[in-house]
> 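My questions all concern the structure below.
Counting starts at 1 for both ligands and their atoms, in listed order.
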Amino acid sequence: MGSKSKLAIHGGPKAVTIDRGGILKWPIVTSEDEEAVLEVLRRGAMSGNDVTKKFEAEFAAWIGTKYALSYPNGTEALRAATWACGVGVGDEIICPSVTYWASATPALGFGATVNFAEIRADTTCIDPEDIEHRIGPRTKAIMVVHYGGYPCDMDAIMAIARRHGLKVIEDVSHAHGALCNGRMAGTVGDVGAMSLMSGKPLCAGEAGMLVTNDRAIYEMCIAYGFYERTVRETNYVAGAPEITLPELQRFAGVPLGGFKHRLNQTCSAMGRVQLKHYPERNEEIGRAMNRFWDLLEGCPGIRAHRPPKGSKSKMGGWYNARGLYRAEELGGLPIQKFYEAVTAEGVPTGSRCNAPLHLHPVFQEADLFRQGQPTVIAFGQRDVRQGPGALPVSERIRSMCFGVPWFKHDRPDIIEQHALAFRKVAENASQLM
Ligand SMILES: *Cc1c(COP(=O)(O)O)cnc(C)c1O
C-alpha cells in the first residue's frame, strides 16, 4: 500500500489540498440583488405588492403553472396549501416521516392528524408502496417531499391519489427546478409549496411560494391570508380584487384563516433577481454534482443520490447534497468512523437527513388545543401514531446517508480532489476497522 493511500486520519497526506474558494457559497448575491432591494427601500415600498406581483408572474412562467402566490416563508405556504386542500378537524394526511417538520405540522394545527409513511432508502423520498394501506375514510391529502433535490415518483403517487380522490401537495423546498418524469416538481400535484429562505436552492431572502393550476385553490389561499387582495384597495395595495368565487367574496376584507401572508417586497425584489439567474445556476450545480458522482461510480460503500441515468427525472437544486452509505460493502464500518476519516481528508461531512417525525413528541403527545389529550388523537376516529421500529428505513436513514460538498460551480480540479477523498476512504476502509 503506497503512502498515497495511507489515510489522513492515520497521518497520511490529505486528499484535498486545493482551496475550495467560494465554490460552496450560497446564495450568490451580486450588486444586481443589492440594487433591486435598495430600489424598494428608497421608494418605501416594502409593504406594497407591485414588485411581489411581478415576482409571482415570473415564478409562474418559470415553473409552468397558471398561478403563483408568495409567502413570508415556506411554512406558511405549506399551511395555506394544506388548508386549501380541504384538511380540517379530524382529517388525516399522509406524509413521509423524514422531512423538515413544516411539511407535517400545519395539519396538526388544523386539528387533523398525520399518518407518517416510510421513505425509500435509495431515493430518501416517500415510498409509493407505503401509501395506499394508510388511506382511511378521513384521509384528505398526500404530502410529498422531493427530498434533498430528488424528484418523487409522482406517476405512482398521482395514480393512488386519483383512485382515492385525494389531493396531492408537493413540498418543493429542496428541489426547485427538479423534473419528475419530465415535469417540473411542484406542477404535478394539485398544489406545490416551497421555502425560498436563504439556505434553499432558490432563495428570496426569507420567503415561500405556492404554485397551482387550480383556480379554486389559488383563490382559497388568497382568501385565507391576503386580506387586501380580496378588496379593491387598501393603504398599501391597490388593484382589482383577486377572488371571483361567490362563497369566498362574502369574506372579502378579513382573512379567513386570520393569517397575514403578505411578503416583504425587499424579498420579492431579491427573489426576482435570483429567479432570473436560477435556471443557469441550477444547471451548473447539476453539472458539478453529476461530475462528482460520475467520479465515484463503482466505489464500494457509496451510491449517488440521483435518479438512474437515462430516466426523464432530474435532480433540482441538490439541497444539502448527500450520498448513500452502504456499510455492508465496507465490512460494516460505522458511518461515524467514515465521517471522521473523510473529514480528516479535508472534506467536512456528517449526517444530512432530518430525524424521523413519527417519533417526535409533537406528533405523539403535544396538546395544542389544551384539551387534556394529544392533538394527534383528539379529533380523529383512529389513532395513527407509530412507535419505534414502525418505519425502519426512516429510523435508520441517518446511518445510511452522508453529506457531500454542495458544489455551486463546476470546477473540475476542486471536484476531482473531493471525490478522491471519498474514494480513498472507501477503498481503504479496512484500515479503519
Ligand atoms: C425549509 C423547509 C420548509 C420550510 O420553509 P421555511 O421557509 O423555513 O418556513 C418546509 N419544508 C421543507 C422540506 C424544508 O426544507
Side-chain angles (χ1 to χ4, degrees), residues 26-27 52 55 59 68-83 85 87 93-109 114 116-117 119 123-126 141-152 154 157 168-178 180 185-186 189 191-211 221 225 257 259-264 266-268 270-271 274-275 305 315-322 351-358 360 362-363 394 397-398 401 403 406:
W26 197 259
T52 294
F55 182 34
F59 202 97
L69 197 55
S70 59
Y71 284 84
N73 54 60
T75 303
E76 289 307 300
L78 284 158
R79 182 200 307 284
T82 302
W83 184 77
C85 283
V87 177
I93 70 161
I94 294 167
C95 175
S97 182
V98 175
T99 176
Y100 183 71
W101 51 261
S103 315
T105 47
L108 213 54
V114 186
F116 286 107
I119 58 164
T123 68
T124 69
C125 295
I126 192 167
I142 304 171
M143 171 75 67
V144 303
V145 185
H146 305 288
Y147 201 71
Y150 198 108
C152 290
M154 292 306 290
I157 292 160
V168 173
I169 306 166
E170 292 176 72
D171 183 343
V172 197
S173 302
H174 294 188
H176 316 80
C180 308
V191 57
M194 67 205 84
S195 175
L196 303 177
M197 56 79 78
S198 290
K200 299 290 159 70
L202 178 51
C203 114
E206 183 75 2
M209 192 65 82
L210 178 147
V211 294
C221 291
F259 289 95
K260 189 179 165 194
H261 282 156
R262 185 174 66 208
L263 175 61
N264 180 332
T266 55
C267 292
S268 306
M270 178 179 180
Q274 290 290 315
L275 177 63
H305 183 239
M315 297 287 283
W318 300 74
Y319 178 66
N320 264 348
R322 68 208 69 201
S351 175
R352 270 296 191 288
C353 277
N354 295 96
L357 292 173
H358 69 283
H360 194 281
V362 162
F363 297 99
S394 299
I397 195 71
R398 297 217 301 171
C401 256
W406 184 11

> Only one of Ile119, Asn354, Thr123 clears side chain to side chain contact (heavy atoms under 4.5 Å, CB included) with Tyr147; which?
Asn354
> Does ligand 1 have any atom that is closer than 4.0 Å to a heavy atom of Lys200?
yes
> Need the ligand 1 atom indices (1-based, order shown) with element for anything under 4.0 Å from a heavy-atom of Gly74.
5 (O), 6 (P), 7 (O), 9 (O)
> Identify the closest protein heavy atom to atom 9 (O) of ligand 1: which residue and atom is it, and at what distance?
Thr75 OG1, 2.6 Å
> For Ser195 and Ser173, does a side-chain donor sit closer than 3.5 Å to a side-chain acceptor?
no
> Give the numbers and elements of all ligand 1 atoms closer than 4.0 Å to a heavy atom of Ala102.
4 (C), 10 (C)
> Starting from atom 11 (N) of ligand 1, find the nearest protein heavy-atom neighbour and note its residue, name and distance.
Asp171 OD2, 2.7 Å
> What pairs with His358 under side chain to side chain donor-acceptor pair (under 3.5 Å), at least two apart in sequence or on another chain?
Ser97, Glu395
> Tell me if a side-chain donor or acceptor on Trp318 pairs with a main-chain N or O of Pro201 at a distance below 3.5 Å.
no
> Determine whether the side chain, the backbone, both or neither of His174 has a heavy atom under 4.0 Å from any heavy atom of ligand 1.
side chain
> Does an N or O from Leu78, backbone or side chain, lie closer than 3.5 Å to an N or O of ligand 1?
no
> Taking atom 8 (O) of ligand 1 as the point of reference, which of Glu206, Met209, Met197, Met194 owns the nearest heavy atom?
Met197
> Quick one: nearest non-hydrogen protein atom to atom 5 (O) of ligand 1, plus distance?
Ser195 CB, 3.0 Å
> Can you report which non-hydrogen protein atom sits closest to atom 3 (C) of ligand 1, along with the distance?
Tyr100 CD2, 3.3 Å
> Going by the atom numbers of ligand 1, which of them fall below 4.0 Å from some non-hydrogen atom of Ser173?
2 (C), 3 (C), 10 (C), 11 (N), 12 (C), 13 (C), 14 (C), 15 (O)
> Can you measure from OH (Tyr150) to CZ (Arg322) and round to the nearest 0.5 angstrom?
13.0 Å
> Measuring from atom CD1 of Ile126 to atom NE2 of His146, what distance do you get when rounded to the nearest 0.5 angstrom?
11.0 Å
> State the atoms of ligand 1, each with its element, that fall below the 4.0 Å cut-off from a heavy-atom position in Thr99.
13 (C)
> Glu170 side chain to Gly186 main-chain N or O, any donor-acceptor pair under 3.5 Å?
yes
> Sub-3.5 Å donor-acceptor pair from the side chain of Arg398 to the main-chain atoms of Cys353, do we have one?
yes
